[in-house]
Amino acid sequence: MPILFSNATVLPMTASGGEPRTFTGWVGTDGDRIALATASEADAAAFRAAHPGLREIDCRGKLVMPGLVNTHCHAAMTLQRSYADDISLMAWLHDYIWPFEAHQTPDDVKLGMTLGIVEMLLGGVTSFVDMYYFEDRCVEVAERLGIRALLGCNYFDTNADEVLPRVGEAVRLAAAGSGRVRIAVAPHSPYTVSPENLLRGKELADRYGLHLMTHISETQDEVRIVREKYGCTSVEHLDALGLLGPKTIGAHCIHVTDSDIGTLAARGVTVSHNPQSNMKISSGVAPVERLRAAGALVTVGTDGTCSNNDLDMFEELRTAAFLQKSATGDPVALPAYEALRLATANGARAMGYADGELGVIRTGALADVIVVDMQKPHLQPVHDVVSNVVYCGKASDVETVVVGGRIVVENRRIGGIDLPELYRGVAEAVARIKAAE
Ligand SMILES: CSC[C@H]1O[C@@H](n2cnc3c(O)ncnc32)[C@H](O)[C@@H]1O
Ligand SMILES: [Zn+2]
């Protein structure tokens, strides 16, 4: 059903160039696309007349903007939220996360993924990039809840023979759905996956035309391990193997040399910056401003809820901006509009959408749109709407969410989801997994 958002403050965003002006007006959808973005009441009236039976949503005092794109996540790790805090990445993985994950069933992952997607949708995330296991369950949940997703089949050396032969099947499963959910190949990292298995993943990605995603240069420990094994940096290692290209998404990229930065930019790699996870695990600060200056495509992700510990992208992009200002000693670093662009238009590009096709509000773009209620104490007054969104916004300010022209959240409710039942199921699964450890 076509939708008309009326009397809204509209923040269109742009894929490149300067800031477009916000305007007061109307945004209309038809099918999965935006069919109207106008300040003209006459155009809105014509749209109404041409679309009898449309759903009109009064957005007085509200902001209509593109949905947020989370480019690095392990959504099913909601099961491990606050399970292992205040320790280093290596101890966290070896002593807590991997033992916990060893006892998870596909249905547990389905529950964790459901909780993660519910949290993201309610917080205005309309697209996400994920790396985890049991992709068939993840495809099923993403399709059911209506979010847009790029789901990476994660593997290590230990399970490459099990995961890689299933990639083709996952691709076919996703292709049979709505088109909003796609599959990617996801070797865990250059320190846990051998060159041979990295190349097997790359071969599959090329064969099916898929994205490839991995963790890159996340900690000093990684840098040391990779240098000891291969005599070079993680970026040099992956580049020598031919793994870096425009369809590669590298999470973190913290401990990178000037030459690595040049390589990431030259190859067109997406760098998913995950500031809260990096701060919490004390991994370091990614050189976002230097990456941007070199021309790299930088985006924002939350990482999993065991290292964050939530999936609030408003918080995340605020942290991204604050962290660059703090780390560089320059208050001008990563200004509000640029931070928001990382989490909208840049994220869309990272997922393979053409500039202007997603992550912006313009006629012809995919209709992934959110309505933010600005009638909140922390969002008033509005000297600058972008500043308010980036520096004051919260996931809980999102009222309505539309993905591909379909309403998936309305008045902060997701149809067909019984939240108390979901929380009970999650608690039971977690209790069983912990008892088995
Ligand atoms: C790649 S998902 C599968 C695998 O990776 C683990 N993991 C989650 N977050 C991180 C991170 O920030 N760095 C390294 N590994 C991570 C996750 O628990 C799964 O085992
Ligand atoms: Zn991660």
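Note: hydrogens, waters and symmetry copies are ignored here, and every other heavy atom, side chains too, is used. Whatever order the structure lists ligands and atoms in, that order sets their numbers, starting from 1. Small disclaimer: the values here were computed from a predicted structure and weren't measured.
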- request: Could you confirm whether Glu218 has any N/O/S atom lying under 2.8 Å from the Zn ion (ligand 2)?
  value: no
query: Nearest non-hydrogen atom to atom 1 (C) of ligand 1 belongs to which of Asn308, Leu89, Asn154, Thr214?
result: Asn154
Output field: ring centroids His273/His252 closer than 6.0 Å: no
message: With a 4.0 Å cut-off on heavy atoms, is Met77 in contact with ligand 1?
response: yes
message: If the cut-off is 2.8 Å, does any N/O/S atom of Cys73 fall short of it from the Zn ion (ligand 2)?
response: no
query: How about Tyr83 and Trp92: are their ring centres within less than 6.0 Å of each other?
result: no
statement: Per residue Asp303, nearest N, O or S atom to the Zn ion (ligand 2) is named OD1
- prompt: To which of His252, His188, Met131 does the heavy atom nearest atom 16 (C) of ligand 1 belong?
  reply: His188
- request: Please determine if Asp397 and Lys376 form a salt bridge, counting it only when a charged side-chain N lies under 4.0 Å from a carboxylate O.
  value: yes
field: salt_bridge(Asp312, Lys394) N-O dist < 4.0 Å
entry: no
field: ligand 1 contact by Trp92, heavy-atom criterion under 4.0 angstrom
entry: yes
message: Taking N, O or S atoms only and a limit of 2.8 Å, check whether His252 reaches the Zn ion (ligand 2).
response: no
task: Describe, in one word, how the ring planes of His215 and His74 are oriented to each other, choosing from parallel (under 30°), tilted (30 to 60°) and perpendicular (over 60°).
output: tilted
query: Are any of the N/O atoms in Ser277 less than 3.5 Å from those in ligand 1?
result: no
